[in-house]
Amino acid sequence: MAEFSIDSNFIPALHKPPALLPIAKHRESLLYVIEKFPTTIVIGQTGSGKTTQIPQFLENAGWCSDGKIIGITQPRRVAATTVAVRVAEEFGCEIGKEVGYSIRFEDVTSSSTRIKFLTDGLLIREALVDPLLSRYSVIMVDEAHERSISTDVLLGLLKKIRRKRPDLRIIISSATLQAEDFLKFFSEGPEDTTAEKCETKDNEVATIVSLEGRTYPIDTLYLESSAEDYVEKAIKTVFDIHTQEGPGDILVFLTGREEIDTAVEAVSERAAQLDARHGALQPLHLYAGLSTEEQMYVFDKTPENTRKVVFSTNIAEASVTIDGIVYVVDCGFVKQRAYNPKTGIETLTATPVSKASAQQRAGRAGRTKPGKCFRLYTEDSYGALPEANIPEIQRSNLAPIILQLKALGIDNIVRFSFLSPPPAELVSKALELLYALGALDEYAKLTRPLGFRMAEVAVEPMMAKTLLSSPGFRCTSEILTIAAMTSVGGSVWFHHDGERKKMETSRRKFAAEEGDHLTYLNAYQIFVSKGKKEPKFCHENNLNYKAMSRAVSIRAQLKRYLERFDMQVDDSRAASRPENPIEKAEQIRKCLTSGYFAHAARMQPDGTFRSVEGGVVLHAHPSSLMFNRKADWIIFHEIMETGNKIFIRDVTKIERGWLLEAAPEFYRLTD
DNA sequence: GAGCACTGC
């Protein structure tokens, strides 16, 4: 008889049994607190098990017994799906049964679902149909400290809903630093009523619970004097770690693609001269612009005697977790988006990180054993950093979110209870645009049906207006495609290293003389007809298959909205040759002007553009067909300032007269 | 001649 061996007969568990997580000993007290207080703020580090365990405790304790469900929101789609799959496993059910998830295009829930994970943006959308979110007995807002625009809006909504639904339990998961802000927010009376008094000590409405995490100690090291060139300093630090420190992979935070590619190249060159006794160094890059398969390399196990060093953007701060990182190198900067309400231009600039970010980055070193974090700045500089990031809601274009709030019946935006109120200029800029688009009337009320419909379709306001005016230009089918293609955002064309030339020639095959929007339309139509929606076709034509498939889903969803509004969509003629292609193209360009009149510009003799609003100098982005081409008047989808230049992307030629036709009032005001 | 990261029944 063969000898019995445990090793060969048992497969090690993928994760530790829940009972071993520190959270298990807090079960009773957590349930007590949630029962007693309408709002509970949970502080738990990564590894505390809060996201996976709390919903199961609640389900077990009977919070779903009256047919209501437990909802847990996440800021990201991947998080919502992966956590749901894991909880279903622990719960012992098939995903979509008792435990499910719901994200855009993917509803994996059923009538038996009791624990539901979803993105916070989607829960806000549910509130449009069910304003009191009456299906839920408990709503847990996870990763609230990240302060995404949707999370902030959701928190304001929940505070409002709570007054009408005393039975609803709200759980906010937060990092230590921000817990007090959340407590204060939920303890204070709403700003829009004076009647409700603040609760007394015996009648507290919110409390904080702290859970232990499973992180390991991290040594933090600073520079004695600040570095002049942090990319070079980062590379040197990597070699110092490699030659002087024990085993373990390295994660380096830089700000963008260019820096990262430079660093990867430098490390692979210099690593060749390393003494063999130190072992090999394998540099890898990680940023969102990479294709999924290219991103996957950072998860591969390195060969024996090889140390992995990942140069990454902020994507590795919260969105992507790489196992085996023992050393973190932090340059101290991040590229951050901001919106300037005076010019209506978004900027993307490298800014110093916050203390919260620096701590989060350092924490990436201590996930499997004690680690070290090398900060490429002085301890004094750290002390001077802001405590937390400026919340997104205070530095974004608010037009989309104000449209949604109005549709939810929140007419007085200024008195809505925001955790961090947005600056008044951002609010008035958004109101101005929504008024110009016809979504709001002169009393700032949502118009019917246009405003309500614009709030409902899942594209930004200018495109929503374009889409909804398309029947008047007899080009709804085409605009649906263009809306879907611009929604996937800048990732339609794709090339491997050194294949840029090939991509340019591929792209030229789809090019339309009138500009980028019609080029998108050509690419999409050939993809769904001749390309038969196949990956092979995409590969041959330098199209991003993932992006194209997403465009197909978005288009189908947008089409369903229009049909619900009783708008006819005739796709049959678009697929075949239009009767008069030039006339059709003109209708499409006119229709685009009806939504994008605020994004108009005129070409100058030197090839740059001058914007109609503000008269600033604009450059066609090199990814645009209008780069190096002649035009007169144009409209564009997106505008962004990077470095010292303002770029416009997705550009289409128009005629001046169309602007006055589309928005006579707007142009009278700016003239 | 070039852009951080997310996201929407």
Side-chain angles (χ1 to χ4, degrees), chain A residues 73-80 101-109 116 118-130 143 146-151 153-154 253-261 286-290 312-320 331 333-338 346-351 353 357 389 392 395-396 400-401 403-404 407 455-461 463-464 483-484 487-491 493 495 500-501 503-504 550 553-554 556-558 560-561 564 607 619-624 626-628 638-649:
Chain A
T73 70
Q74 295 290 328
R76 281 171 292 277
R77 293 159 54 97
V78 257
Y101 67 86
S102 189
I103 57 177
R104 190 183 187 185
F105 307 129
E106 262 184 88
D107 183 12
V108 189
T109 61
K116 172 173 163 185
L118 70 172
T119 49
D120 34 26
L122 196 53
L123 188 60
I124 296 174
R125 293 223 148 231
E126 281 188 13
L128 278 175
V129 190
D130 176 11
E143 316 287 358
E146 288 188 22
R147 303 294 306 275
S148 77
I149 211 163
S150 315
T151 304
V153 169
L154 183 60
F253 285 99
L254 295 174
T255 68
R257 179 180 188 151
E258 210 180 299
E259 286 174 8
I260 289 166
D261 288 343
L286 178 65
Y287 40 80
L290 296 171
S312 172
T313 60
N314 222 31
I315 193 172
E317 192 181 296
S319 312
V320 175
C331 79
F333 287 89
V334 64
K335 270 193 194 163
Q336 196 167 243
R337 250 182 209 265
E346 268 194 331
T347 54
L348 188 60
T349 33
T351 25
V353 294
S357 258
N389 300 333
E392 217 182 354
R395 51 182 169 88
S396 303
I401 214 73
L403 198 56
Q404 271 198 333
E456 215 172 316
V457 292
V459 286
E460 42 93 27
M463 189 55 90
S487 290
V488 301
S491 50
W493 312 99
H495 65 95
R500 190 183 298 165
K501 274 257 151 58
M503 181 184 80
E504 290 300 326
R550 195 171 154 78
S553 312
I554 296 176
Q557 191 189 43
L558 295 176
R560 283 198 298 274
Y561 282 116
R564 209 184 304 153
H619 299 263
H621 193 272
S623 68
S624 169
M626 284 301 139
F627 181 76
N628 274 345
E638 205 183 27
I639 179 163
M640 182 169 269
E641 185 178 347
T642 56
N644 289 317
K645 274 186 180 174
I646 305 169
F647 290 104
I648 50 176
R649 269 194 43 166

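Here is the naming used below: chain letters follow the sequence lines, and residue numbers restart at 1 for every chain.
Map A/Glu392 and A/Val457 each onto its nearest nucleotide of DNA chain B; the residue landing nearer the 5' end is A/Glu392.
OP1 or OP2 of B/dT7 has not a single side-chain nitrogen or oxygen of A/Arg125 nearer than 4.0 Å. OP1 and OP2 of B/dA2 both lie 4.0 Å or more from every side-chain N or O belonging to A/Thr642. Residue A/Thr119 places none of its side-chain N or O atoms closer than 4.0 Å to OP1 or OP2 of B/dT7.
The two atoms that bring A/Ser102 and A/Lys116 nearest to each other are CB-CE, 3.8 Å, heavy atoms only. Between A/Ala316 and A/Leu286, the shortest heavy-atom contact is CB-CD2, 4.3 Å.
One interatomic measurement links the two molecules: CZ of A/Arg550 to P of B/dG8, which rounds to 7 Å at whole-angstrom precision. Between the CG atom of A/Asn628 and the P atom of B/dA2 there is a distance of 12 Å, given to the nearest Å. In this structure, the NE2 atom of A/His619 is 10 Å from the P atom of B/dG1, given to the nearest Å. Taking atom CZ on A/Phe647 and atom P on B/dA2, their separation rounds to 6 Å, with Å as the unit. Between the P atom of B/dG8 and the CD atom of A/Gln557 lies a distance of 9 Å, rounded to the nearest Å. A straight line from CD1 of A/Ile149 to C1' of B/dC6 spans 11 Å, rounded to a whole angstrom. What separates CE of A/Met463 from C1' of B/dG8 is a distance of 15 Å, to the nearest Å. In this structure, the CG atom of A/Asn389 is 13 Å from the C1' atom of B/dC6, given to the nearest Å.
Residue A/Ile315 is in sugar-phosphate contact alone, with no base atom involved, counting any heavy-atom pair closer than 4.0 Å across all strands shown. If you check every strand for non-hydrogen atoms under 4.0 Å, A/Ser319 touches sugar and phosphate atoms only. A/Glu638 comes within 4.0 angstrom of a nucleotide base, judged by non-hydrogen atoms across all strands.
Counting heavy atoms from C-beta outward, A/Asn389 and A/Ser357 have side chains that approach closer than 4.5 Å. A/Phe253 is not listed as a side-chain neighbour of A/Val334, based on a closest heavy-atom distance of 4.5 Å or more.
Side chains of A/Glu143 and A/Thr151: no donor on one and acceptor on the other come within 3.5 Å.
Comparing atom distances between the A/His621 side chain and each of B/dA5, B/dA2, B/dT7 picks out B/dA2 as nearest. Residue A/Arg104 places its side chain closer to B/dG8 than to any other of B/dG8, B/dA2, B/dA5. Closest to the side chain of A/Phe627, out of B/dG8, B/dC6, B/dG1, is B/dG1.
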